[in-house]
Protein chains: 2
Amino acid sequence: MRIVKVMSAMGASSSSPLRERKKRATRSALKRSAVGLVAARGLAAVTVEEIASGADVSSRTFFNYFPTKEDAVIGWDPTVLAEMIDGLRLRPGDEPGPAALRAMLLAVFSAFDADHRDLLERLRVIRSDPHLVAHHVLRWGETERQLVGALAERRGTDPATDHYASLVVATTLAASRTAMMSWCDKEGRVPLADELASHLDVLGTGLAEPQERLL
Amino acid sequence: MRIVKVMSAMGASSSSPLRERKKRATRSALKRSAVGLVAARGLAAVTVEEIASGADVSSRTFFNYFPTKEDAVIGWDPTVLAEMIDGLRLRPGDEPGPAALRAMLLAVFSAFDADHRDLLERLRVIRSDPHLVAHHVLRWGETERQLVGALAERRGTDPATDHYASLVVATTLAASRTAMMSWCDKEGRVPLADELASHLDVLGTGLAEPQERLL
DNA sequence: CAGATAAGTGCAGTCACTGCAAAGATGCGT
DNA sequence: ACGCATCTTTGCAGTGACTGCACTTATCTG
């Protein structure tokens, strides 16, 4: 009994499938409503109330899922961040940082590929509005900070002074972002993870210019 | 008569000194009020009304100077952007793009150094809040787009397809931002322009690691 | 000094976002 | 099948950012 209480108190979210499914459905309905409306009319011309009613929930409920209007459009999901951290922790401890990051990101990006079309449209919408680009960068910045922490932990260093860790994470995530954008330019004709891999390859060579690739 | 009208219609801001001085004073009072208050209590705990009354104007007037609360803190000033564009245009046409950008930025950053202490405090405040960092990036993004346009114009290319121009501007501005932050870390013991110069030097060598410099 | 122009301000309104408390849905033990 | 604990949804009231409009006041310009 005590144990059950503690588990749920920890917000383990291991709730039963029905509730989970409903939440996922609502979240994804909100995302789709947001992206669709913003793609059609632009961010400023769309209100949270419209997004919410497009997903058949109240606007108050919207804010139970996303802290800001922009987050619904960019599809911000803290669980993805958690997956990244966990993924890093599961890599063998003797693996070099960049390799561990690469492996983890390739796995996460492969999972993204399930939503293929949604992701493509979302990236297009994001790129079309400076506000959304800024918000996107903001959220990646949070990711960056946490990953630096996780990587420093792996290496047994202090994240505040381990500039190597910061450099590795920052450049790798920057390459991840450019990979997403270039994948978006190619309209998804290549798997996202492949695009990421080739960008990381270039990064790995110290940014040597490849043969007729990338923009 | 016609000429005067056109000149003022163009927003040439060549108005008489008193008005100009007052506007500058108000703008700078608002910036100082904003940075001071936010440094003390954090962005979220400060209202526009407080910032405005700290500068002895109404909150409505605040919005005649800055489009958002954040802009007052980061000190966003569209005239600086205009100076950059003009500065680029004044460089000799046969100068390579990176060199022209470098010369222009060094000049602009030297001018920044007049406000020395203010800039230092402002950068510290910006770094302390992810919201402000994001807004900072947003505004530099606008700068980036315009500079790509200006550089493409110099080169007689289409800004949408001149990826070389985009790369040069993006990396150069990124180096400018890291220069500002590292200058901030060094607490202004070095002139800003010198810091920028050394960052651009490193960039110019293709990011070779220098002797015991930078973070 | 008179008329043009620009800056400052008050007011009313929209909308993002939050805390609170009630109501409805779901899960679980018995 | 029932009842209780827990979670989700929702309405309501409130704060605060930001805008358009109309009006006053200050600064030019001739």
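What you see is a predicted model; the values in this text were computed from it and never measured. Below, chains carry the letters A, B, ... as their sequence lines are ordered, and counting in each starts from 1. Atoms considered below: every heavy atom in the structure, side chains included; atoms not considered: hydrogens, waters and symmetry mates.
The closest side-chain donor-acceptor pair between B:Arg124 and B:Ser128, if any, does not fall under 3.5 angstrom.
No side-chain heavy atom of A:Leu147 sits less than 4.5 Å from a side-chain heavy atom of A:Glu144. In this structure, the side chains of B:Leu81 and B:Gln146 come closer than 4.5 Å at one or more pairs of heavy atoms.
Distance CG (B:Asn64) to P (D:dA17): 16 Å, rounded to an integer number of Å. Between B:Leu37 atom CG and D:dG16 atom C1' there is a gap of 16 Å when expressed in whole angstrom units. Between the NZ atom of B:Lys22 and the P atom of C:dT9 there is a distance of 10 Å, given to the nearest Å. Distance CD (B:Glu70) to P (D:dG16): 15 Å, rounded to an integer number of Å. A:Arg60 has its CZ atom 15 Å from the P atom of D:dA13, to the nearest Å. As a whole-Å value, the separation of A:Phe62 CZ from D:dT9 P is 13 Å. Separating the CZ atom of B:Phe66 from the C1' atom of D:dG16 is a distance of 19 Å, rounded to the nearest angstrom. As a whole-Å value, the separation of B:Glu49 CD from D:dC18 P is 14 Å.
For the OP1/OP2 pair of D:dT8 and a distance below 4.0 Å, the side-chain nitrogens and oxygens of A:Lys23 include at least one atom meeting the criterion. Between A:Ser58 and the phosphate of D:dT10, there is a side-chain N or O to OP1/OP2 separation shorter than 4.0 Å. Within the structure, every side-chain polar atom (N or O) of A:Tyr65 is placed at least 4.0 Å from both OP1 and OP2 of D:dT8.
As judged by a 4.0 angstrom heavy-atom cut-off over every strand, B:Thr68 is placed among residues touching the sugar-phosphate backbone only.
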Problem - salt bridge (Lys or Arg N to Asp or Glu O under 4.0 Å) evaluation trace for A:Arg127 with A:Asp185 - result: CA-CA 11 Å; A:Arg127 267 206 302 196; A:Asp185 274 335; 3.1 Å; yes
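Comparing D:dC18, C:dG8, C:dA25 against the side chain of B:Thr26 picks out C:dG8 as the nearest. Listed nucleotides: D:dT9, D:dC18, C:dA6. Nearest to the side chain of B:Arg19: C:dA6.
Between B:Leu18 and B:Pro67, the one whose closest nucleotide on DNA chain D sits nearer the 5' end is B:Pro67.
Electrostatic pairing of B:Glu142 and B:Arg139 counts as a salt bridge here, judged by a charged N lying under 4.0 Å from a carboxylate O.
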